S.K.: 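The structure is given below, and queries will be raised subsequently.
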Amino acid sequence: MAETGAAVTGIGDLTAVELRDALARGELGAAETTAFFLARIEERDPGLGAFVHVAPELALERARALDARPAGAPRGPLHGLPLAVKDLHDVTGMPTGYGSAAVAAPGSGAPIAPEDDDLVAVLGASGAVCLGKTQVPEFGLNCYSENLVAPPARNPHDPGAGAGGSSGGQAAAVAAGMLPVAPGSDGGGSVRIPAAACGLVGLKPNRGRVPTADAQSDAAQLVVNGPIARTAEDAALLLDVLCAPARGPAHGNVVHRAVGAVPQPSFLEGVRAARRGHLPWGERPLRIGVSTASPFDAVYDIEVSPEARAALDAGITRLRAAGHEVGEAPIAYDPEYPGAFFDVWTTSMGTAPLDHEQARRLTGLAAAFRARALRRSAVELAQAVSTLRRIERDVVRHYGAWDMVLTPALAMTPRPLGWYWSGHDLEDPAGADQDYMRQCQYTPWTSLVNVAGLPAVTVPTLWTRAAGDDGGPVVPMGVQLIGRPSAEAQLLAVVAQLEDQGLAGPRPPG
């Protein structure tokens, strides 16, 4: 079909599943679909900063090659579907910047990747078309996507606020209609935080569910790739693909990696079955425990804003309307969690392959984290990992009293750009301490899920205005549902139930 670009009507209104199906039936071509989303990016991204690199020539070349395949040739599950990846992943022929000036020589751009990494290889094998790379915080460390090498990823619902992080560019692109769906990576909430901030569904899979290779050292096995989507079905579609084994870039050989989760034939078919009444938990209601306790309560003042409380109450009401038993969950956390998590989280910068000159170009939290990590001994790191493993066992056992645990998704409405470091210079150590504290206060319930290795999903439940801003933008707020081990199918089925009730109601226009 012809490359009609933005003149094609209706493409932007389709869900990812609907778009995939239209491509599979031949009603849309990969090239015209790619051209449409490239035009969307050209039109909408300048005010949002979701993308740091767009590759129209590479994308259209790939799309034309997909269209040229003979009838009857095998097609991947995402044949022709446009996607992008975070600027933490290597894509052949595209620069990989990690959101940092440290990786590039002064006066030159980020180095060009010679081959695809595992995630990109999986997406390529599925038939997806990669349009480019999206904004991240420096080395993916923060829950906001702001750095000094590219414009910040802004929230499409409130451009004066951030889109969250570290998958902020991905969430901004999906929320603004520049991508139908997006893969993110989540080491402490980096899928769920931006999804919640942008009014999307964000799923962090069970540890071991998705073969993961990320740009961070991961001593405690915190990071896993997961979908950012508009609907439960779209999230399930991408999760099915993410679970596939990667192909080696040189020879196309399948790379088999250990999977530490109960097998699931198809998450998409599971969501569809749930909508037909075949619920993965049977006919009984789920027992859902509600908690606003945070493991960071021991060191920081964690407040649940009125907007977060309203979103939680709306989630409780909707879950009860779906027939589930929802009640308070008396949960307390080990006071050693904050220190152990900090030690493990900061270690990633200590192992980043940077020479002395590159390390001098680090800024903000990345520079502070590297300095602290290099002062930490291997014994201290091992002790921190051991503490987190003990906490993991306790949390999994304690949460097992319920089918799911419900928390607010975020403690506040989306934060203004520059809020985390405000009042401090980027070289000021006190600024780093404030930055980290404010991140914990904004998202006090996400990192524990990574430590425990459990699956979790964030979903919007209402639209609101920030306190004291009666004339300000309307922004989404939502809840987080934490499942038992390997319970992604249950989580997606509950999201589908909430969607069938109207979820958070109609989104604001624009």
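Bear in mind that the values here come from a model prediction, so they are computed numbers and not experimental data.
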S.K.: Mind running side-chain contact (heavy atoms from CB on, under 4.5 Å) on C143 and Y442 for me, showing each step along the way?
M.R.: CA-CA 9 Å; C143 73; Y442 179 54; 4.0 Å; yes

S.K.: Can you confirm whether I228 sits close enough to V181 that some side-chain heavy atom of one is under 4.5 Å from a side-chain heavy atom of the other?
M.R.: no

S.K.: Please evaluate residues K204 and D186 with respect to the criterion salt bridge (Lys or Arg N to Asp or Glu O under 4.0 Å), reporting the C-alpha separation (whole Å), side-chain torsions for both, the decisive distance (0.1 Å), and the verdict.
M.R.: CA-CA 7 Å; K204 177 234 174 262; D186 191 316; over 6 Å; no

S.K.: Any heavy-atom pair between the side chains of S100 and R361 that's under 4.5 Å?
M.R.: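 Heavy-atom side-chain distance check fails, nothing below 4.5 Å.
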
S.K.: Answer yes or no: is there a donor N or O on one side and an acceptor on the other, between the side chain of D234 and the main chain of A229, under 3.5 Å?
M.R.: no

S.K.: Looking at S447 and G188, would you say the former's side chain and the latter's main chain have a donor-acceptor pair under 3.5 Å?
M.R.: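 No, the answer is negative, given that no donor and acceptor are paired below the 3.5 Å cut-off.
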
S.K.: Are side-chain N/O atoms of Q170 and T134 paired as donor and acceptor at under 3.5 Å?
M.R.: yes

S.K.: To the nearest 0.5 Å, what is the distance between CE on M477 and OG on S305?
M.R.: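 The CE atom of M477 sits 4.5 Å away from the OG atom of S305.
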
S.K.: If you measure from CG on L119 to CG on N225, what distance do you get to the nearest 0.5 Å?
M.R.: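 Here the rounded value is 5.0 Å.
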
S.K.: To check you understand the geometry: which heavy-atom pair defines the closest contact between A121 and D116, and what is its length?
M.R.: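 Minimum heavy-atom separation between A121 and D116: N-CB, 4.1 Å.
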
S.K.: Apply the side-chain hydrogen bond (donor to acceptor under 3.5 Å, both in side chains) test between R192 and each candidate in T446, T443, N450; give the one that qualifies.
M.R.: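 Of the listed options, the one satisfying the test is N450.
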
S.K.: Any carboxylate oxygen within less than 4.0 angstrom of a Lys/Arg side-chain nitrogen, looking at E233 and R20?
M.R.: no

S.K.: Find out whether I41 and F51 are in side-chain contact, i.e. whether some heavy atom of one side chain is under 4.5 Å from a heavy atom of the other.
M.R.: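 Of all side-chain heavy-atom pairs linking F51 with I41, at least one is under 4.5 Å.
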
S.K.: Checking E307 against T413 for the side chain to side chain donor-acceptor pair (under 3.5 Å) test, could you report, in this order, the C-alpha distance in whole Å, the side-chain angles of both residues, the deciding distance, and whether it holds?
M.R.: CA-CA 7 Å; E307 298 82 14; T413 53; 5.2 Å; no

S.K.: Using the six-membered ring wherever Trp is involved, compare the ring planes of F369 and Y436 and label them parallel, tilted or perpendicular (cut-offs 30° and 60°).
M.R.: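 Taking Y436 first and then F369, their aromatic rings stand perpendicular (interplane angle over 60°).
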
S.K.: Are L81 and V129 close enough that some pair of their side-chain heavy atoms sits under 4.5 Å apart?
M.R.: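 In short, these two side chains do not touch, never coming nearer than 4.5 Å.
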
S.K.: Around R360, counting heavy atoms of other residues, nucleotides and ligands shown, do more than 12 lie under 6.0 Å from its CZ?
M.R.: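 Counting other residues, nucleotides and ligands, CZ of R360 stays at 12 neighbours or fewer.
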
S.K.: Less than 4.5 Å apart, any side-chain heavy atom of Q434 and any of S422?
M.R.: yes

S.K.: Would you mind reporting whether N147 and Q135 have side-chain heavy atoms less than 4.5 Å apart?
M.R.: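 Heavy-atom side-chain distance check passes, below 4.5 Å.
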
S.K.: Is there side-chain contact between Y98 and D87, with heavy atoms separated by less than 4.5 Å?
M.R.: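 Sidechains of D87 and Y98: no contact.
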
S.K.: Between N206 and R209, is there a donor-acceptor pair closer than 3.5 Å when you use the side chain of the first and the backbone of the second?
M.R.: no

S.K.: When you measure from the side chain of R465 to the backbone of G472, do you find a donor-acceptor pair of N or O atoms at a distance under 3.5 Å?
M.R.: yes

S.K.: Under the 3.5 angstrom rule, does the side chain of E32 hit a backbone N or O of G29 as a donor-acceptor pair?
M.R.: yes

S.K.: If you count every heavy atom of other residues, nucleotides or ligands that lies below 6.0 Å from E18 atom CD, does the total exceed 12?
M.R.: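 Yes, CD of E18 has more than 12 neighbouring heavy atoms, counting only those of other groups under 6.0 Å.
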
S.K.: Taking it one step at a time, do V85 and V91 satisfy side-chain contact (heavy atoms from CB on, under 4.5 Å)?
M.R.: CA-CA 9 Å; V85 295; V91 182; 3.6 Å; yes

S.K.: Strictly by modelled atom types, are N142 and E138 linked by a side-chain donor-acceptor pair under 3.5 Å?
M.R.: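 No.
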
S.K.: side-chain contact (heavy atoms from CB on, under 4.5 Å) for R62 and C130? Distances and angles first, verdict last.
M.R.: CA-CA 8 Å; R62 159 77 165 167; C130 184; over 6 Å; no

S.K.: Which atoms form the tightest heavy-atom contact between V136 and S166, and what is the distance?
M.R.: CG1-O, 3.5 Å

S.K.: I'd like to know if the side chain of R44 reaches the main chain of E42, judged simply by a donor and an acceptor atom lying under 3.5 Å from each other, with no hydrogens or angles considered.
M.R.: no

S.K.: Quick one: does any side-chain atom of R230 pair with a main-chain N or O of V174 as donor and acceptor, under 3.5 Å?
M.R.: yes

S.K.: Out of curiosity, L268 CG to L492 CG, how far, rounded to the nearest 0.5 Å?
M.R.: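 Spacing of CG (L268) from CG (L492) equals 9.5 Å.
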
S.K.: Could you tell me whether the side chain of W445 reaches within less than 4.5 Å of the side chain of P408, counting heavy atoms only?
M.R.: yes

S.K.: Could you measure the distance from the CG atom of L179 to the CZ atom of F37? Nearest 0.5 Å is fine.
M.R.: 7.5 Å

S.K.: Using every non-hydrogen atom in the two residues, find where G418 and E146 come nearest and quote the distance to one decimal.
M.R.: N-OE1, 3.1 Å

S.K.: R275 and E499: salt bridge (Lys or Arg N to Asp or Glu O under 4.0 Å), yes or no, with the steps?
M.R.: CA-CA 10 Å; R275 285 210 156 103; E499 288 174 348; 2.7 Å; yes

S.K.: At what distance, to the nearest 0.5 angstrom, does CG of L28 lie from CG of L14?
M.R.: 7.0 Å

S.K.: Would you kindly say whether Q480 and T407 are connected by a side-chain donor-acceptor distance under 3.5 Å?
M.R.: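 A pair is found: one side chain offers a donor N or O, the other an acceptor, under 3.5 Å apart.
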
S.K.: Say you draw a straight line from CE of M178 to CG of L38; how long is it, rounded to the nearest 0.5 Å?
M.R.: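 Answer for the CE-CG pair, M178 versus L38, is 12.0 Å.
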
S.K.: Tell me the closest heavy-atom pair linking R40 and G12, and the distance in Å.
M.R.: NH2-CA, 3.7 Å

S.K.: Could you walk me through whether T96 and V103 pass the side-chain contact (heavy atoms from CB on, under 4.5 Å) test, one step at a time?
M.R.: CA-CA 9 Å; T96 306; V103 300; over 6 Å; no

S.K.: Okay, side chain of R75, backbone of G127: is any donor-acceptor separation there less than 3.5 Å?
M.R.: no

S.K.: How far apart are the closest heavy atoms of A235 and V201, and which atoms are they?
M.R.: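 Scanning both residues completely, I find the closest heavy atoms to be CB-CG1, 4.3 Å.
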
S.K.: For the residue pair Y144 and Y420, does the interplanar ring angle fall in the parallel (under 30°), tilted (30 to 60°) or perpendicular (over 60°) class?
M.R.: parallel

S.K.: Where is the tightest heavy-atom contact between A172 and C198, given as atom of each residue plus distance?
M.R.: N-SG, 4.2 Å

